[in-house]
Amino acid sequence: MIKTDFREIGAQLKTAFRLSTRPLAVYGSDTLPPGILPMTEINRCFAVSMYRMAAGNKVSAIYVSADTQEGCCMGGLYHTGYIPVPDDIRYFVSTGKKDVRGGAAEYLKASPDLVDRCTAAAGPIHPPGKYLIVQACEALPDDGPAVRSLCCFGTGEQIRNMAALIHFDRDDPFSPVIVPWGSSCSTFITFPAGLAENTPRDTAFMGPQDPTQNHSIPPEMMALGIPADMAERMVKNLDASFIIRRPQVAFPGHGKQLQR
């Protein structure tokens with residue numbers, strides 16, 4: 001069986017959609033490859049770390065595990081399956097409680113009970129291995145790890161075009177691309193990588209809709225979390241689709257047709 005080359009898939013998506021950022025691959029491993037930094041070397045937050053890694057070129061891979069809790073966002077560790085859901089999240093995300101974090105609240109949900117129901121609807125979250133690794137596609141090793149999903153950051157135009165290509169070979173007009181509720185790291189990792197037990201399959205996740213990351217992600221930027229097999233199919237569909245055949249529609253005013 002020939003392994004999928006996600007270095008090439010990432011490169012083709014970056015070129016076809018004219019991304020200024022690096023597509024990121026998400027995978028699990030029971031051994032830590034050499035040279036990969038703990039996520040907290042960039043930031044305690046998964047979303048901030050991933051955006052900075054995609055937008056820059058100083059760090060090409062980061063990891064988290066149950067052993068990297070110090071200085072790490074507890075919500076992020078929960079959303080990757082390394083710890084149970086923290087007791088205070090139901091209050092902090094909704095209306096707050098005086099004896100929880102001094103009453104601090106994000107007011108993202110109407111009530112703690114509603115947060116509980118959303119958590120139950122997503123189902124248990126299972127880590128992909130002892131280590132969860134996020135690595136720029138261009139830096140993936142030759143032995144080809146079992147990539148679970150990709151995360152691409154782009155402008156509204158770029159992400160809209162990516163969503164349109166996902167719909168290219170689908171007969172369902174509603175569910176191939178959705179905007180899920182939850183943390184930014186859920187959009188980037190948890191759902192596209194299939195870590196949450198009830199995640200809809202063969203679906204890409206657009207966002208993030210989490211306003212707590214508006215301080216760190218530029219207002220014109222969006223992200224798309226893409227399951228690995230869907231990303232592979234997108235690349236196979238490029239030549240037959242509007243991206244290659246009608247680039248002046250996909251990217252009006254952006255110059256010549258993409259050469260392949």
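Position 1 is the first residue of the sequence; numbering continues from there.
- Taking hydrophobic clusters as Ile, Leu, Val, Met, Phe, Trp and Tyr residues chained together by side-chain heavy-atom distances below 4.5 Å, L24 does not share a cluster with L13.
- Residues F168 and I243 form no side-chain contact, since every pair of their non-hydrogen atoms from C-beta on lies 4.5 Å or further apart.
- A donor-acceptor pair shorter than 3.5 Å cannot be found between the side chains of D113 and S111.
- M39 and L32 are not part of a single hydrophobic cluster, where members link through side-chain heavy atoms under 4.5 Å apart.
- The side-chain heavy atoms of V48 and I42, taken from C-beta on, include no pair separated by under 4.5 Å.
- Put simply, the side chain of L238 reaches to within 4.5 Å of the side chain of F17, judged on heavy atoms.
- The CG atom of L224 lies 10.5 Å from the CZ atom of F188; values are rounded to the nearest 0.5 Å.
- Nearest heavy-atom pair across P208 and S184 is CB-OG, 3.4 Å.
- Taking both residues in full, the closest heavy atoms of P127 and G81 are given as CD-O, 3.3 Å, listed atom of the first, atom of the second, then distance.
- More than 12 heavy-atom neighbours from other residues, nucleotides or ligands sit within 6.0 angstrom of CG on D99.
- Annotation: salt bridge (charged side-chain N to carboxylate O under 4.0 Å, His left out) contacts involving residues 71-85, sequence neighbours excluded, are absent.
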Quiz item: Please walk me through it: do M234 and K236 pass side-chain contact (heavy atoms from CB on, under 4.5 Å)?
Solution: CA-CA 5 Å; M234 289 171 71; K236 289 179 179 178; over 6 Å; no
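- Looking at V147 and T4, their side chains never come closer than 4.5 Å, going by heavy atoms from C-beta outward.
- Donor-acceptor pairing under 3.5 Å is recorded for the side chains of S186 and S183.
- The shortest non-hydrogen separation linking A193 to V26 is CB-CG1, 4.2 Å.
- The distance from the CE atom of M50 to the OG1 atom of T187 is 10.0 Å, given to the nearest 0.5 Å.
- No single ILVMFWY cluster, assembled from side-chain heavy atoms under 4.5 Å apart, contains both L140 and L132.
- The two residues A110 and T95 come nearest to each other via the heavy atoms O-CG2, 3.4 Å.
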Exercise. Kindly indicate, with the supporting measurements, whether the criterion side-chain contact (heavy atoms from CB on, under 4.5 Å) is fulfilled by Y51 and M221.
Key: CA-CA 10 Å; Y51 177 70; M221 276 284 173; 4.0 Å; yes
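- Cluster annotation: M222 and M162 are assigned to the same hydrophobic cluster (Ile/Leu/Val/Met/Phe/Trp/Tyr, side-chain heavy-atom contacts under 4.5 Å, transitive).
- In this structure, the side chains of V134 and F46 stay at 4.5 Å or more apart for every pair of heavy atoms.
- In this structure, CG on L165 lies 10.0 Å from CE on M230, to the nearest 0.5 angstrom.
- Grouping Ile, Leu, Val, Met, Phe, Trp and Tyr by side-chain contacts under 4.5 Å, direct or through others, puts I89 with V93, L108, V115, W181.
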Exercise. Check the pair R170 / D202 against salt bridge (charged side-chain N to carboxylate O under 4.0 Å, His left out), numbers first and verdict last.
Key: CA-CA 10 Å; R170 300 287 293 276; D202 204 21; 3.4 Å; yes
Quiz item: When you look at C45 and Q213, which way does the side-chain contact (heavy atoms from CB on, under 4.5 Å) test go after all the steps?
Solution: CA-CA 10 Å; C45 170; Q213 288 307 317; 3.4 Å; yes
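- In the hydrophobic clustering of ILVMFWY residues, with side-chain heavy atoms under 4.5 Å counting as a link, I226 and Y27 come out together.
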Exercise. Let me see the working for R7 and D142 under salt bridge (charged side-chain N to carboxylate O under 4.0 Å, His left out), right down to the final yes or no.
Key: CA-CA 9 Å; R7 281 189 302 195; D142 292 334; 2.8 Å; yes
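- In this structure, F191 belongs to a hydrophobic cluster whose other members, linked by side-chain heavy atoms under 4.5 Å apart, are I178, F205.
- For residues 73-98, no residue pair satisfies the ring pair (Phe, Tyr, Trp, His ring centres under 6.0 Å) rule, not counting sequence neighbours.
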Quiz item: When you look at Q158 and L19, which way does the side-chain contact (heavy atoms from CB on, under 4.5 Å) test go after all the steps?
Solution: CA-CA 7 Å; Q158 292 164 339; L19 302 176; 3.7 Å; yes
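- With sequence neighbours left out, the salt bridge (charged side-chain N to carboxylate O under 4.0 Å, His left out) criterion links D229 to no other residue.
- Put simply, the side chain of T15 never gets that close to the backbone of Q12: no donor and acceptor are under 3.5 Å apart.
- For residues 52-73, the set of pairs meeting the side chain to side chain donor-acceptor pair (under 3.5 Å) definition, not counting sequence neighbours, comprises R22-S60.
- P33 is listed as a side-chain neighbour of I133, based on a closest heavy-atom distance under 4.5 Å.
- With a 4.5 Å cut-off on side-chain heavy atoms, C151 and I189 do not count as touching.
- Residues T21 and C152 have side chains not in contact (no heavy-atom distance under 4.5 Å, counting atoms from C-beta outward).
- A distance of 9.0 Å separates CG of N161 from CZ of R18, quoted to the nearest 0.5 Å.
- Separating the CG atom in D239 from the CZ atom in R245 is a distance of 9.0 Å, to the nearest 0.5 Å.
- Nearest heavy atoms, L77 versus T80: O-OG1, 3.2 Å.
- Annotation: the span from L150 atom CG to E232 atom CD amounts to 10.5 Å, rounded to 0.5 Å.
- Without hydrogens or angle criteria, D30 side chain to K130 main chain gives a donor-acceptor distance under 3.5 Å.
- Minimum interatomic distance between R90 and S94 (heavy atoms only, all atoms of both residues): O-OG, 2.6 Å.
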